[in-house]
Engineer: 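Submitted below is the structure of interest, expressed as structure tokens.
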Amino acid sequence: MGVPEPVSTDPFPENRREDDAGAAFVLESKGEWWHAGFHLTTAIVGPTVLTLPYAFRGLGWALGFICLTVMGLVTFYSYYLMSLVLDHCEKSGRRHIRFRELAADVLGSGWMFYFVIFIQTAVNTGISIGAILLAGECLQIMYSELSPHGPLKLYHFIAMVTVIMICLSQFPSFHSLRHISLASLFLSLGYTFLVVGACIHAGTSKNAPPRDYSLETSHLSRLFSAFTSISIIAAIFGNGILPEIQATLAPPATGKMLKGLMLCYSVILVTFYSASVSGYWVFANKSNSNILKSLMPDEGPSLAPTWVLGLAIVFILLQLFAIGLVYSQVVYEIMEKNSADANKAVFSRRNLIPRIILRTLYMTLCGFFAAMLPFFGDINGVVGAVGFIPLDFVLPMLLYNMTFKPKKSSITFWVNTSIMVIFSCAGLLGSFSSIRKLVLDANKFKLFSSDVVD
């Protein structure tokens, strides 16, 4: 009788995906918990924080605070549940590094794989386009201050941003962005504090705008505004790439994501509340969709020192590069899974040339659509409502219930089920409100325009 073969003791057999270049290169697992916290913060805390006063405009003080707090608690709970599901799979020897694979495995459905990949790709590409568009707008604002009648248009600045993004996109892996994500964290704190200071200055100056905190008089308009505001807040808290962020953690990843979430939500607590309170306090129901525009009105002088607003815009511009890079990683992983050779070195000619070509092509297309559709914010509102709700408010609860099977009489089961139902309805109503705004703004849309539609 022959000697029996030794049993494999490798607890993570899926880590050795010899032919999976997307896992080996883009989603390499080498990070610590604080690196995941940096990536999470970059994915959630962005210039959209400056939209919060506008969201409060449709809700008022009390409901605005309630929605902001509830959304924060629900998303933290949702992301924590997803991390528990990922930890459970890892302990079972099935470490998932992609959202689509996790959903297909736990739910046992092949179509779920393609549903998640479609939603993820749409949301992430939309954010990449939006980041380029907003970065181009930041450059345009600075240029218009220095040269009010200069010949350069918005699409010129978008082209400049696209070239920079093409260069930055050559960072080979998600983990290699950890220092950029750390810089992004400090940048988000920097421009938030600058804007809060500018709002306080504006609110206490002799040129302080009149404040009216009343909501719209029409009940129907008030309802639509409320659901639009709720959708805005939900989209601001969304990220849709938590499994890919957790994939950057060195195994075993168990328990590390909670620490990363704590770091991220500490930054959220400081930035979200300070920006929403200060902006809404000053401008009330006249708050612009970007509070910087309220501080820099088209007519009359700026309501805060020019150097403060200029520095805030520079910080926002720099962070947008980091956001565009982080949200591009899912697309890069999909491309390299099929184009690269995991048996060759990451910087070998065999892998370097396809990476340069494909990532350059992807960023060029994002830049082209950003220049062509300077009203992409309205489209992104629909994409956000349709995409973030299932990825961040429905699937995590469903995955947890399917994995841990809490009793139907338990509080956990009913809390999770209630969140799924409530936010599915909110997503549908938010989508309807976003589509309504898209239709109302349609007469302002102009391809390759030099003005961004708010």
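Excluded from the calculations below are hydrogen atoms, water molecules and symmetry mates; all remaining heavy atoms, backbone and side chain alike, are included.
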Engineer: Could you please spell out the steps behind the ring-ring contact (aromatic ring centres under 6.0 Å, His included) verdict for Phe423 and Phe393?
Structural biologist: CA-CA 6 Å; Phe423 280 93; Phe393 296 92; 4.5 Å; yes
Engineer: Return yes if some donor-acceptor pair links the side-chain N/O of Arg222 with the main-chain N/O of Glu216 below 3.5 Å, else return no.
Structural biologist: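 Side chain of Arg222 to backbone of Glu216: a pair is present.
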Engineer: Could you go step by step and tell me if Trp33 and Leu263 meet the side-chain contact (heavy atoms from CB on, under 4.5 Å) rule?
Structural biologist: CA-CA 9 Å; Trp33 68 263; Leu263 171 60; 4.2 Å; yes
Engineer: State yes or no: are the ring centers of Phe56 and Phe65 separated by less than 6.0 Å?
Structural biologist: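 Yes: the rings meet the under 6.0 Å criterion.
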Engineer: Ignoring hydrogens, what is the shortest heavy-atom contact between Ala36 and Leu249? Give both atom names and the distance.
Structural biologist: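 Nearest heavy atoms, Ala36 then Leu249: CB-CD2, 3.9 Å.
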Engineer: Can you measure from OG (Ser169) to CD1 (Ile356) and round to the nearest 0.5 angstrom?
Structural biologist: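 One finds 9.0 Å between OG of Ser169 and CD1 of Ile356.
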Engineer: For a quick check under 3.5 Å, do Tyr54 and Asn285 share a side-chain donor-acceptor pair by atom type?
Structural biologist: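 Note: Tyr54 and Asn285 side chains miss the donor-acceptor criterion.
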Engineer: Taking side chain as C-beta onward, heavy atoms only, is Met257 less than 4.5 Å from Leu84?
Structural biologist: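 With C-beta onward as the side chain, the pair stays apart.
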Engineer: Could you check whether any side-chain heavy atom of Met82 comes within less than 4.5 Å of a side-chain heavy atom of Pro243, counting everything from C-beta outward?
Structural biologist: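 A side-chain contact exists here, since the closest heavy-atom pair is under 4.5 Å.
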Engineer: Any Lys/Arg nitrogen of Arg94 or Asp105 sitting under 4.0 Å from an Asp/Glu carboxylate oxygen of the other?
Structural biologist: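 Result for this pair is yes, salt bridge flagged.
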Engineer: Can you check whether Ile141's main-chain N or O pairs, donor with acceptor, with Glu145's side chain at less than 3.5 Å?
Structural biologist: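 Such a contact is absent between Glu145 side chain and Ile141 backbone.
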Engineer: Counting only N and O atoms by type, is there a donor-acceptor contact under 3.5 Å from the side chain of Lys256 to the main-chain atoms of Pro252?
Structural biologist: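 Yes, because the side chain of Lys256 sits within donor-acceptor range (under 3.5 Å) of the backbone of Pro252.
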Engineer: Give a yes or no on whether the backbone of Tyr80 and the side-chain of Ser83 come within a donor-acceptor separation of less than 3.5 Å.
Structural biologist: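 Side chain of Ser83 to backbone of Tyr80: a pair is present.
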Engineer: Whether the Thr42 and Ser184 side chains hold a donor-acceptor pair (N or O, under 3.5 Å, no angle test) is what I'd like checked.
Structural biologist: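 A donor-acceptor contact under 3.5 Å links the two side chains.
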Engineer: Using the salt bridge (Lys or Arg N to Asp or Glu O under 4.0 Å) rule, collect all pairs that involve residues 319-336, keeping only residues at least two apart or in two chains.
Structural biologist: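 Applying salt bridge (Lys or Arg N to Asp or Glu O under 4.0 Å) to every pair that reaches into residues 319-336, excluding sequence neighbours, yields Arg98-Glu333, Arg100-Glu333, Glu336-Arg355, Glu336-Arg359.
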Engineer: Within the structure provided, determine whether Leu68 and Ile233 are in side-chain contact (heavy-atom separation under 4.5 Å).
Structural biologist: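 The answer is yes, as the side chains (C-beta and beyond) meet within the 4.5 Å cut-off.
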Engineer: Does atom CZ (Phe171) have a neighbourhood of more than 12 heavy atoms from anything else shown, all under 6.0 Å?
Structural biologist: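 Counting neighbours around CZ of Phe171, 12 or fewer heavy atoms of other residues, nucleotides or ligands fall under 6.0 Å, so no.
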Engineer: Return the CD1 to CG distance between Ile323 and Leu187, rounded to the nearest 0.5 Å.
Structural biologist: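 Here the interatomic distance stands at 9.5 Å.
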Engineer: For Val45, is there any backbone N or O sitting under 3.5 Å from a side-chain donor or acceptor partner on Gln319?
Structural biologist: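 Looks like yes, one N/O pair under 3.5 Å.
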Engineer: Stepwise, does the side-chain contact (heavy atoms from CB on, under 4.5 Å) test hold for Val49 with Ser188?
Structural biologist: CA-CA 9 Å; Val49 70; Ser188 66; over 6 Å; no
Engineer: Measure the spacing between CZ of Phe283 and NZ of Lys293 and express it to the nearest 0.5 Å.
Structural biologist: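 Going from the CZ atom of Phe283 to the NZ atom of Lys293 covers 13.5 Å.
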Engineer: State whether a side-chain donor-acceptor pair under 3.5 Å links His175 with Thr248.
Structural biologist: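 No, because no side-chain N or O of His175 sits under 3.5 Å from a partner of the opposite role on Thr248.
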Engineer: Side chains of Ile230 and Met71: closer than 4.5 Å at any heavy-atom pair?
Structural biologist: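 Yes - at least one pair of side-chain heavy atoms lies under 4.5 Å apart.
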Engineer: In terms of ring plane angle, is the pair Tyr400 and Phe404 parallel, tilted or perpendicular, where the classes change at 30° and 60°?
Structural biologist: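 Plane angle between 30° and 60°, so tilted.
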Engineer: For residues Phe272 and Phe237, establish whether the separation of their ring centroids is below 6.0 Å.
Structural biologist: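 Judged by ring-centre distance (under 6.0 Å), Phe272 and Phe237 do meet the cut-off.
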Engineer: Under a 4.5 Å cut-off applied to non-hydrogen side-chain atoms, are Phe174 and Ile245 in contact?
Structural biologist: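 When only atoms from C-beta onward are counted, Ile245 and Phe174 do touch, with a gap below 4.5 Å.
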Engineer: Please examine the side chains of Cys366 and Thr125, heavy atoms only from C-beta on, and report whether any two atoms are closer than 4.5 Å.
Structural biologist: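 Touching, per the 4.5 Å side-chain cut-off.
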Engineer: Looking at every non-hydrogen atom in both residues, tell me the closest pair between Pro396 and Leu391 and how far apart they are.
Structural biologist: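 Distance-wise, the nearest heavy atoms are CD-O, 3.3 Å.
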Engineer: Can you tell me if OH on Tyr143 sees more than 12 non-hydrogen neighbours from other groups inside 6.0 Å?
Structural biologist: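 Count over threshold, so yes.
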Engineer: Please determine, by modelled atom types, if Glu137 and Asn290 share a side-chain donor-acceptor pair under 3.5 angstrom.
Structural biologist: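 There is no such pair between these side chains.
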Engineer: Using 0.5 Å steps for rounding, measure from the CE atom of Met420 to the CG atom of Asn401.
Structural biologist: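 One gets 5.0 Å once the value is rounded to the nearest 0.5 Å.
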Engineer: Work out which heavy atom in Ala43 is nearest to a heavy atom in Ile241; give both atom names and the distance.
Structural biologist: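 Looking at all heavy atoms of both residues, the shortest contact is CB-CD1, 4.3 Å.
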Engineer: For a quick test of reading the model, state the closest non-hydrogen atom pair linking Ser229 to Ala55 and the distance between them.
Structural biologist: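 Where Ser229 meets Ala55 most closely, the heavy atoms are OG-O, 2.9 Å.
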Engineer: May I ask you to test the Tyr191-Ile313 pair for a side-chain heavy-atom distance under 4.5 Å?
Structural biologist: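 Contact flag for Tyr191/Ile313 side chains = no.
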Engineer: Checking side-chain contact (heavy atoms from CB on, under 4.5 Å) for the pair Phe368/Ile129: CA distance, chi angles, key distance, verdict?
Structural biologist: CA-CA 9 Å; Phe368 174 77; Ile129 294 171; over 6 Å; no
Engineer: Test: side-chain hydrogen bond (donor to acceptor under 3.5 Å, both in side chains). Region: residues 55-76. Which pairs qualify, not counting sequence neighbours?
Structural biologist: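 Residue pairs with at least one partner in residues 55-76: Thr69-Tyr273, Thr75-Tyr265.
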Engineer: So how far is it from Leu40 CG to Gln246 CD, rounded to the nearest 0.5 Å?
Structural biologist: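 Rounded to the nearest 0.5 Å, the CG-CD separation comes to 9.5 Å.
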Engineer: At their closest point, which heavy atom of Ser328 faces which heavy atom of Gly324, and how far apart are they?
Structural biologist: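 Taking Ser328 first and Gly324 second, the nearest heavy atoms are OG-O, 2.5 Å.
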Engineer: Show the numbers, then the answer: is there a side-chain contact (heavy atoms from CB on, under 4.5 Å) between Leu189 and Thr271?
Structural biologist: CA-CA 7 Å; Leu189 289 171; Thr271 55; 3.8 Å; yes
Engineer: Would you confirm whether the ring centroid of Tyr213 sits within less than 6.0 angstrom of the ring centroid of Tyr280?
Structural biologist: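 Close enough - the centres of the two rings lie under 6.0 Å apart.
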Engineer: Has the side chain of Thr121 got a donor or acceptor atom that lies under 3.5 Å from a matching backbone atom of Phe118?
Structural biologist: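 No: the side chain of Thr121 does not pair with the backbone of Phe118.
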Engineer: Is there a side-chain contact between Ile97 and Glu244 (heavy atoms, below 4.5 Å)?
Structural biologist: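 In short, these two side chains do not touch, never coming nearer than 4.5 Å.
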Engineer: Provide the closest heavy-atom pair for Val161 versus Gly136 in the form atom of the first, atom of the second, distance.
Structural biologist: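 Val161 and Gly136 have their closest heavy atoms at CG2-N, 3.7 Å.
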Engineer: Please tell me whether Asn239 and Tyr79 have a donor and an acceptor in their side chains that are separated by less than 3.5 angstrom.
Structural biologist: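 Yes, because at least one side-chain N or O of Asn239 sits under 3.5 Å from a partner of the opposite role on Tyr79.
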Engineer: What's the separation between atom CG in Asn288 and atom CE in Met296, rounded to the nearest 0.5 Å?
Structural biologist: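 Between atom CG of Asn288 and atom CE of Met296 there are 11.5 Å.
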Engineer: Give a yes or no on whether the backbone of Gly240 and the side-chain of Asp392 come within a donor-acceptor separation of less than 3.5 Å.
Structural biologist: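 Such a contact is found between Asp392 side chain and Gly240 backbone.
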